[in-house]
Engineer: 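There's a structure below that I have some questions on.
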Amino acid sequence: MNEIAIKKNDGEIIDTQTAKELGFEGEAIFLDNSPEALEVLRHSTAHLMAQAIKSLYSDAEFYVGPVVKEGFYYDFKTSAEIGESDLKKIEKQMLSFAKKKYEIEKYTITKAEAREKFKDDHLKQAVLDMIPSDEVSIYKQGEFEDLCRGPHLPNIGLIRYFKLTKISGAYLGGDSKNEMLTRIYGIAFATKDALKEHMDMLREAEKRDHRKLGNEMKLFTFREEVGAGFPIWLPAGGRLRARLESLLFKAHRKRGYEPVRGPEMLRSDLWMTSGHYQNYGENMYFTKIDDIEFGVKPMNCVGHIKVYEDELHSYRDLPIKYFEYGVVHRHEMTGALHGLFRVREFTQDDAHIFCRADQIEEQIIEVVDFVDKIMSTFEFDYKMMISTRPEKAVGSDEVWEISTQALKNAMDKNELAYEIDEGGGAFYGPKIDIKITDAIGREWQCGTIQLDFNLPERFHLEYNADNNEKVQPVMIHRAILGSFERFIGILTEHYAGEFPMFIAPTQVAIVPVAESHKEYAKLLSDKLIDINADSEIYAKNDSLNKRIRTAEKTRVPMIVVIGDEEIKNNTVAVRDRRTREQYNMSQEDFLKLIQTKINEVNF
RNA sequence: GCCGACAUAGCUCAGUUGGCUAGAGCAGCUGAUUUGUAAUCAGCAGGCCCGGGGUUCAAAUCCUCGUGUCGGCACCA
């Protein structure tokens with residue numbers, strides 16, 4: 001195996017070129033699939049790609065080409081229009097360069113020399129602007145030279161197993177005010193197998209895509225004539241969603257939440273009072289009724305505030321918890337829309353807790369426990385993230401400081417691990433976000449717990465304290481799933497469509513062997529409804545094999561086959577979804593089993 | 001919103017350099033068959049080829065403006 005780089009004592013990786021320059025010896029890094037080796041390999045593959053692009057498009061200018069989580073990319077600009085179909089061509093050129101086994105040479109020049117060297121490349125000039133030091137290093141392979149700090153492989157011949165995966169636009173410096181460059185993403189590995197494994201993993205993720213499964217399993221759909229970002233829930237999706245809603249309803253009632261409901265749109269004056277008009281107006285939908293402007297709610301808090309204001313409250317009443325499956329509309333930009341993950345209308349499992357300052361901690365802890373119950377039921381790992389004051393914010397620094405500290409205290413006192421996201425808070429308060437990890441290791445943000453000292457102030461909310469003085473309550477916004485749309489999308493991918501019994505759109509598929517067994521099937525189906533289980537009878541004029549196949553393809557958790565034997569003995573023949581094994585059990589036991597599986601879940 | 005790609009039957013997809021009545025599989029319907037654990041057979045029906053405008057003797061195919069979708073970027077209070 002080839003030695004490609006050196007690891008210094010402090011963990012920093014330097015390439016063999018630099019080590020030679022410095023006369024440095026340290027721990028050798030070999031070309032394998034270790035994170036260190038892949039970092040170097042992928043960086044050099046990015047350069048090889050740049051070399052290929054430069055040879056194919058001579059006016060190409062290059063910005064930066066870093067290694068990222070998914071591989072590497074390079075941002076560049078050329079007068080030619082490059083599309084997906086060109087990736088193959090570039091890959092081919094890369095391979096032909098790699099075959100030439102150019103050595104990657106490194107040398108150092110002054111920044112002024114570099115400016116002169118890349119004088120025709122305004123992107124490299126922009127890169128040079130960002131470099132503070134007076135000397136810069138240049139890497140050279142064949143005719144191609146690039147400004148880079150490394151580390152790199154000693155020879156491009158070591159690059160063999162790679163693939164260019166995506167092409168897209170990307171703003172210069174990640175700022176939408178700047179010009180747009182072309183970005184090509186790629187991936188590279190030390191071995192053929194590792195590359196193949198990676199590509200297989202991508203295919204697996206593709207198979208789980210909720211948009212594909214949602215279509216196949218008839219959960220939801222979108223229609224051009226309805227409008228972008230407005231999901232349509234189909235019967236199967238409706239059943240799944242209803243199960244989730246009813247489980248969650250009970251869970252809220254158990255914890256003392258009251259169901260309430262605010263209107264879909266409220267007068268704009270209220271959004272001005274809340275601050276949404278000024279801070280979020282461009283993402284809201286407005287309409288006029290008799291010359292008065294209304295804003296369609298992008299959040300449910302104002303409605304809940306109006307519920308709170310409906311009567312006077314004593315300190316004894318607090319905390320007061322309102323919850324609602326609140327439908328909200330937000331104008332997401334066209335390019336942001338993505339299946340159920342980003343839509344323009346969605347339903348939040350939203351709640352607002354109005355409490356005294358001295359209750360914040362216990363309330364946060366209770367919500368965090370609620371989150372844990374739900375996420376562990378769905379077998380999600382998760383972590384928590386505290387987000388602090390963002391740039392665009394309302395409220396004084398002092399209020400922010402107090403509320404942020406309250407969140408940290410709640411976590412610290414209960415020894416809960418969390419990370420800090422500086423500047424990631426909502427404009428009205430700091431928050432705790434819950435990030436979950438799904439079955440194939442992808443991270444998603446769902447739940448959020450947000451402290452708000454701001455809205456109570458703006459709406460002059462109050463309660464009577466024990467000394468009969470008016471005191472302003474604290475408001476906690478929280479959603480656990482986030483939205484039903486997004487969460488069901490995530491669940492679909494998490495389970496690859498094979499939903500567990502308690503939320504599956506259909507619990508049981510019943511396959512009668514022949515015409516004469518249909519009646520028994522119907523009786524069984526009715527009994528299943530009595531225990532809150534949905535079933536579907538596959539009695540179409542098809543072969544038994546065909547109907548079992550059809551039932552299997554719906555990903556229903558349980559299939560039972562019914563024929564003469566079963567009717568005679570009052571049993572069912574159960575077929576397991578995954579193992580395809582069959583076993584018989586009495587009808588009574590079967591119903592009990594289903595009932596248990598449905599009822600064993602409680603948040 | 002920006003860069004690039006794409007849009008043909010309910011679904012998945014063919015459709016050649018512009019040229020006959022736009023095809024297939026699955027799903028659907030009708031009939032035969034009544035089946036014991038992953039596709040029985042035969043027949044039928046199903047298309048504003050995303051929408052508007054244009055080029056052309058002729059457009060699913062070329063151009064243009066929309067709409068929607070996909071991959072990213074930016075955005076996600």
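Below, all heavy atoms of this structure are taken into account, side chains as well, without hydrogens, waters or symmetry copies. Bear in mind the structure is a predicted one, so any value in this text is a computation, not a measurement.
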Engineer: So does A:N178 get a side-chain nitrogen or oxygen closer than 4.0 Å to the phosphate oxygens (OP1/OP2) of B:rA74?
Structural biologist: no

Engineer: Is a side-chain donor or acceptor of A:K54 paired with a backbone partner of A:A60 at a separation under 3.5 angstrom?
Structural biologist: yes

Engineer: Once you measure the plane-to-plane angle for A:Y285 and A:F230, does it fall in the parallel (<30°), tilted (30-60°) or perpendicular (>60°) bin?
Structural biologist: tilted

Engineer: Can you confirm whether or not the ring centre of A:Y185 sits under 6.0 Å from the ring centre of A:Y74?
Structural biologist: no

Engineer: Checking A:R344 side chain against A:E332 main chain: does a donor-acceptor pair fall under 3.5 Å?
Structural biologist: yes

Engineer: Under 30°, 30 to 60°, or over 60°: which ring-plane class applies to A:W444 and A:F341, parallel, tilted or perpendicular?
Structural biologist: tilted

Engineer: Pick base, sugar-phosphate or nothing for A:G425, based on heavy-atom distances below 4.0 Å to the nucleic acid.
Structural biologist: sugar-phosphate

Engineer: Report, one pair per line, the protein and nucleotides 33-36 of chain B atoms (nitrogen or oxygen only) whose separation is under 3.5 Å.
Structural biologist:
from   : atom 1 : to     : atom 2 : distance (Å)
B:rU33 : N3     : A:N541 : OD1    : 2.8
B:rU33 : N3     : A:N541 : ND2    : 3.3
B:rU33 : O4     : A:N541 : OD1    : 2.8
B:rU33 : O4     : A:N541 : ND2    : 2.0
B:rU34 : O2     : A:E515 : N      : 3.3
B:rU34 : N3     : A:E515 : OE1    : 3.2
B:rU34 : O4     : A:E515 : OE1    : 3.3
B:rU35 : O4     : A:N541 : OD1    : 3.2
B:rU35 : O4     : A:D542 : O      : 3.3
B:rG36 : O6     : A:D564 : N      : 2.6
B:rG36 : O6     : A:E565 : N      : 3.0
B:rG36 : N1     : A:E566 : OE1    : 2.7
B:rG36 : N2     : A:E566 : OE1    : 3.2
B:rG36 : N2     : A:E566 : OE2    : 2.7

Engineer: I'd like a table of atom pairs between the protein and nucleotides 2-9 of chain B - only N or O on both sides, under 3.5 Å - with the distance next to each one.
Structural biologist:
from  : atom 1 : to     : atom 2 : distance (Å)
B:rC2 : O4'    : A:Y171 : OH     : 3.2
B:rC3 : O2     : A:G169 : N      : 3.0

Engineer: Report yes if at least one side-chain N or O of A:Y185 is closer than 4.0 Å to OP1 or OP2 of B:rC73; otherwise report no.
Structural biologist: yes

Engineer: Between A:R547 and A:D542 (side chain of the first, backbone of the second, donor and acceptor by atom type, cut-off under 3.5 Å), is there such a pair?
Structural biologist: yes

Engineer: Is the A:F189 to A:F162 ring centre distance short of 6.0 Å?
Structural biologist: no

Engineer: Check whether any side-chain N or O of A:R183 sits under 4.0 Å from OP1 or OP2 of B:rA74, and answer yes or no.
Structural biologist: no

Engineer: Where is the tightest heavy-atom contact between A:I364 and A:L407, given as atom of each residue plus distance?
Structural biologist: CD1-CD2, 3.6 Å

Engineer: For nucleotides B:rA58 and B:rG18, find the distance between their P atoms and express it as a whole number of Å.
Structural biologist: 15 Å

Engineer: Give a yes/no answer on whether the side chain of A:R549 brings an N or O atom under 4.0 Å of OP1 or OP2 in B:rU37.
Structural biologist: no

Engineer: Is the distance between the ring centroids of A:Y277 and A:F286 under 6.0 Å?
Structural biologist: yes

Engineer: Just call it for A:H276: base, sugar-phosphate, or nothing, with non-hydrogen atoms closer than 4.0 Å on any strand.
Structural biologist: base

Engineer: Pairing of RNA chain B as dot-bracket, 5' to 3': ( ) intra-strand, [ ] crossing, | other strand, . unpaired, with Watson-Crick or G-U pairs under 3.5 Å?
Structural biologist: (((((((..((((.....[...)))).(((((.......))))).....(((((..]....))))))))))))....

Engineer: For a quick check, tell me whether the side chain of A:R342 and the base of B:rC75 share a donor-acceptor pair closer than 3.5 Å.
Structural biologist: yes

Engineer: Any salt bridge between A:E419 and A:K408, counting N to O under 4.0 Å?
Structural biologist: no

Engineer: What integer number of Å spans the P atoms of B:rG1 and B:rG66?
Structural biologist: 10 Å

